[in-house]
Amino acid sequence: MTNTLLRLRFSVVASLGLIPGAEKIEEKNNALQQELNRLGEIASSEKLNRYLELEKFITSPEFKRRKKDINAQRFKGTPQYEKYKRYQELKRSSDVKTYYRVKDSKELKQFEETSNSKELKRFEELELFFNSDKFTEFLNKLKEDKKQRKEEIKKTEKRYKSLKKELKPYFKIEGSEALKRFNEVAGSDKLKRYEELKDFVDQTDFEKFKKDLATKQKELKDTYKKNHKRLQTLEKLKRKLEMKKPEPKLDEQELEELRQKVNKADFQKQMDELQPAKQDAFKKLEEFNQLKKYPDIKEYHKVKDKDKVSSEHKSHERIDRFVELKEFVDKTDFNRLKDELKAKRKKLEKAYRENEKRLKELEKIKRKLEKKKPDPIVDEEELKDLRKKVDKMQLDEQLKALKPENQEAFQKREEFRKLKKDSDIRHYFKFKERKDYRQYLDLKDSDKLKEYRELDERIKAGELQKMKDSLKNYEFKNTDEHKQYQEHKQLKKSKKLRDYFRFKQSKKYKTYTELHNSQKIEELEELQEYVNSQEFIDFKKYMETRNKFKLSEEYKQLQEFNKLKKDRDIKWYYQNKDSRKYDEIRNWELTFEDNFEQPVLDSEKWITSYYTAQKFLKGNYVTGHAHHFFNPNENLQIKEGCLQLITRKQQMQGLAWNPDFGFLPKDFEYTSAIISSGDHFSQKYGRFSVKVRMDYVWPLMHACWLSTGTQLPEVDIFSLDRKSKKKLSMALHHNGNQPQSLKSKVSGYNFARDFVIFSLDWQPGEMIWKINDKKVKVEKQHVPDQPLFINLSSGIYSNHRPATLPASMEIDWVRVYKNKD
């Protein structure tokens, strides 16, 4: 289908409102992607792997063979059957029957209860004790202990009386009022203070201390007089200086600046520069007057055409220069320029004279100040400090503080004298020297006193009387052993113990003990446990079942396979896995993407200028016919996940490219923005897609194109700059034969209403343009075969001025794919 028919079909479908919106296309693509993702998840899922594994096993010959073998199994001849047979043999033997009769009998139970009873244990202990040498030794020791106890009581009583007599002087002082008063003073603060003061007084030379105080008083008075005299001198000088008239001040900075300004040579040079002959305009006038004298210029002046000049010495360059100078001379008012120069010279001369006069005044003041002797200086800090020091009241207080009676040392001596006469202190030292007190101290921590107190406590506690009373415990009838002897006699007559010893000597108990914990019983009980186990019961039941396959693991696998076969995911997988509707997604692999989800533009993907500007200028420029300059700092914004390229009315200076003169500075009325992947990403062949929404303001142009960074080829994916928001163009610009641009115009769809998805599918020998998945253009000639990068921009290239600004192009996303094949 030709491009004309493609555009016509698009226009008709668009006029009927049948072009799907970008959102619907994205929803459809997202749904297909989700289905494809689901296919991948199921394909790698354990569920599908399990289904395929079971399918392989269920359909195999091995499965059929195992089913036949399972149903052919029998109970007889199995190891389990042999164990069951052995169990029945052991169970019927006579000694085993006797063992279990005794084991479960009441008689054995009573025997075991008695064997573990306290009565039997106690009887055996008592029987052993009363038939032993230990009991005989006990009786002999009982008599010996009674004798030793009596001797110990007599010895204790004798020692107590002896110690009480020796310690009589101690107890005389211990409870006295004099000792009580002495102890109260000994630990008191009063005694501590007395001893502290005594040490201080003994170590202090009070006469020397008095002499030092007198010396300090004299030094204080001398210092006061000296400061007072100095204060009077400074205050007198200050009053004299305050009454004196102030001297004129000299601004050294102003003087230095005037010296630099009042320079005769500089002044003369500036005046010379303001001479008419030195001005560029008058130089051109002089050059013009000289050129007028040349013959070829005179002839040109008549004919007004340099090609008709017949002079032998004609020079086109001279004529061109003459024309240029004549235009300048005709436009220039030389009289006005002379008046202006004269006014400037007059103003300069006046300023110089004024500065010269002021300089003389300042130098006169400086000479006068240099000859004058400096005034004495009053140190205000010193004066302030002296006023504080020369204070009579403060002096009196300091002298008073230096009197002996106000010193801490003399106050301590007076306090010591008073304490020395105190009755408690005098009693303390008098009592301390008494003979009976020294005896008291000797006995206070003695071993005899400690021994006496221990004996006294024991006697007061009745311990001695208890010892006397305990003598009766050393008779056998009053001992615990006698009670045990009576207990032994009673236990020996007990029916329970007589039955115990009779059963212990019987034949059936002998049989029981021989089999108890024997290998035979152990084997029987193990077999019994096995035969009664659920495992054996289930095995026997299973082996006696006719259709054993339904109870097998293989049958469970068959059931699991049938269940998975009906599983919704697996059924859906096999229905869709070979569907052709996913071919479009499967054939493309994403190589570049930006969804503009970050608050700032990703500098690892985009630059904000032409690729050549970034590469060669490290700055920015626009083409010569542009009326805008790129200002990325203000005209690029990311808002709600969309990049906005904003065009606004704003004056700015920048460089414009002119093919004849190169880069020239230019003032621009508008600013806009551009983004390019040229510094980071380019690709040969694939799908290039963008989703944009554009404000329509004629003649503002919004565009997306692919380029190499030099000149051609260039591919315009779209360009919206027509006088209708329902028209845009697409093009392939190449280096081939004329025409060098294969352009197409598309109409019938409102491109400025909502978001639109523009796509270019590029493969060797073919390029296909699409709008919202609808094919609108195909080119098979001059198709590029080199990597291209993406550019998106907005700007004004027409002399017509837009009515409404600012306006923007919003870019939701940019995506590039490559064909997986």
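Heavy-atom neighbours of K605 NZ from other residues, nucleotides or ligands within 6.0 Å: above the threshold of 12. Within a 6.0 Å sphere centred on CD of Q275, heavy atoms belonging to other residues, nucleotides or ligands number more than 12. The number of heavy atoms from other shown groups lying within 6.0 Å of NZ (K284) is above 12. The number of heavy-atom neighbours closer than 6.0 Å to NZ of K342, taken from other residues, nucleotides and ligands shown, is 12 or below. Around atom CD of Q786, more than 12 heavy atoms belonging to other residues, nucleotides or ligands sit under 6.0 Å away. When the shell of 6.0 Å around NZ of K725 is examined, it contains 12 or fewer heavy atoms from other residues, nucleotides or ligands.
Side-chain atoms of T591 and Q683 include a donor-acceptor pair closer than 3.5 Å.
Contact of the V814 side chain with the L643 side chain is not registered, since no non-hydrogen atoms from C-beta on lie closer than 4.5 Å. For the pair S747 and K727, the minimum side-chain heavy-atom distance is below 4.5 Å. Counting heavy atoms from C-beta on, the side chains of M730 and I771 come closer than 4.5 Å. At least one side-chain heavy atom of Q650 sits less than 4.5 Å from a side-chain heavy atom of N635. The shortest distance between side-chain heavy atoms of Y670 and L700 does not fall below 4.5 Å. Using a 4.5 Å heavy-atom threshold, the side chains of P764 and V783 count as separate. A 4.5 Å side-chain heavy-atom check between Y611 and D679 finds at least one atom pair inside the cut-off. Side-chain contact check for L341 versus Q279: some heavy-atom pair is nearer than 4.5 Å.
Counting all heavy atoms, side chain and backbone alike, V816 lies closest to L590 at O-CD1, 3.5 Å. Residues P784 and M767 share a closest heavy-atom pair of CD-CE, 3.5 Å. Minimum interatomic distance between E26 and I757 (heavy atoms only, all atoms of both residues): CG-CD1, 4.0 Å. In plain terms, the two heavy atoms of F751 and V756 that are nearest each other are O-CG2, 4.1 Å.
Relative ring orientation between Y685 and W762 is described as perpendicular, the plane-to-plane angle rising above 60° on a 0-90° scale split at 30° and 60°.
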Practice item. Kindly indicate, with the supporting measurements, whether the criterion salt bridge (Lys or Arg N to Asp or Glu O under 4.0 Å) is fulfilled by E340 and R336. Key: CA-CA 6 Å; E340 288 177 355; R336 183 180 61 78; 2.4 Å; yes

Exercise for review: Decide yes or no on side-chain contact (heavy atoms from CB on, under 4.5 Å) for Q598 and I638, but give the supporting numbers first.
Suggested key: CA-CA 8 Å; Q598 301 300 321; I638 295 180; 5.7 Å; no

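In summary, E584 and R687 engage in a salt bridge, as defined by a charged side-chain N under 4.0 Å from a carboxylate O. For K723 and D721, the salt-bridge test fails: no basic side-chain N is under 4.0 Å from an acidic carboxylate O. A salt bridge does not link E354 to K357: none of the charged nitrogens lies less than 4.0 Å from a carboxylate oxygen. The pair K331-E327 meets the salt-bridge criterion, since a charged nitrogen lies less than 4.0 angstrom from a carboxylate oxygen. In summary, E589 and K820 do not engage in a salt bridge, as defined by a charged side-chain N under 4.0 Å from a carboxylate O. With respect to the salt-bridge test (charged N to carboxylate O, under 4.0 angstrom), the residues R345 and E349 do not qualify.
Within the 3.5 Å criterion, the main-chain N or O of I25 finds no donor-acceptor partner in the side chain of D773. Not a single donor-acceptor pair under 3.5 Å links the side chain of S741 to the backbone N or O of K743. Panel note: side chain N620, backbone N631; no donor-acceptor pair is recorded below 3.5 Å. Side chain of Y696 to main chain of R722: a donor-acceptor pair is present (N/O by atom type, distance under 3.5 Å, no hydrogens or angles).
The distance from atom CZ of F629 to atom NZ of K666, rounded to the nearest 0.5 Å, is 11.0 Å. Between atom CZ of residue F668 and atom CG of residue L655 there is a gap of 8.0 Å, rounded to the nearest 0.5 Å. Atom CG in N30 sits 9.0 Å away from atom CD1 in I585 (nearest 0.5 Å). To the nearest 0.5 angstrom, T4 atom OG1 is 9.5 Å from K777 atom NZ. Between the CG atom of L636 and the CZ atom of F630 there is a distance of 10.0 Å, given to the nearest 0.5 Å. The distance from atom CH2 of W769 to atom CG of D716, rounded to the nearest 0.5 Å, is 8.5 Å.
With sequence neighbours excluded, the residues forming a side chain to side chain donor-acceptor pair (under 3.5 Å) with E766 are Q763, listed by chain and number. Remark: F718 pairs with F758 by the ring pair (Phe, Tyr, Trp, His ring centres under 6.0 Å) rule, at least two apart or across chains.
When each of Y621, F616, Y610, F663 is tested with W657 by the rule ring pair (Phe, Tyr, Trp, His ring centres under 6.0 Å), just one qualifies, namely F663. Test N772, L728, V776 against Y749 for side chain to side chain contact (heavy atoms under 4.5 Å, CB included) and you get one pass: N772.
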Residues 789-807, side-chain donor-acceptor partners within the protein, below 3.5 Å, at least two apart:
from	atom 1	to	atom 2	distance (Å)
N791	OD1	S676	OG	2.9
N791	ND2	W705	O	3.3
N791	ND2	S707	OG	3.0
S794	OG	H702	ND1	2.8
S798	OG	H800	N	3.1
N799	OD1	H627	NE2	3.0
R801	NE	E669	OE2	3.4
R801	NH1	N799	O	2.7
R801	NH2	E669	OE2	2.9

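Taking the centre and axis of the six-membered ring of F755, the NZ or CZ atom of K691 falls inside the cone set by 45° and 6.0 Å.
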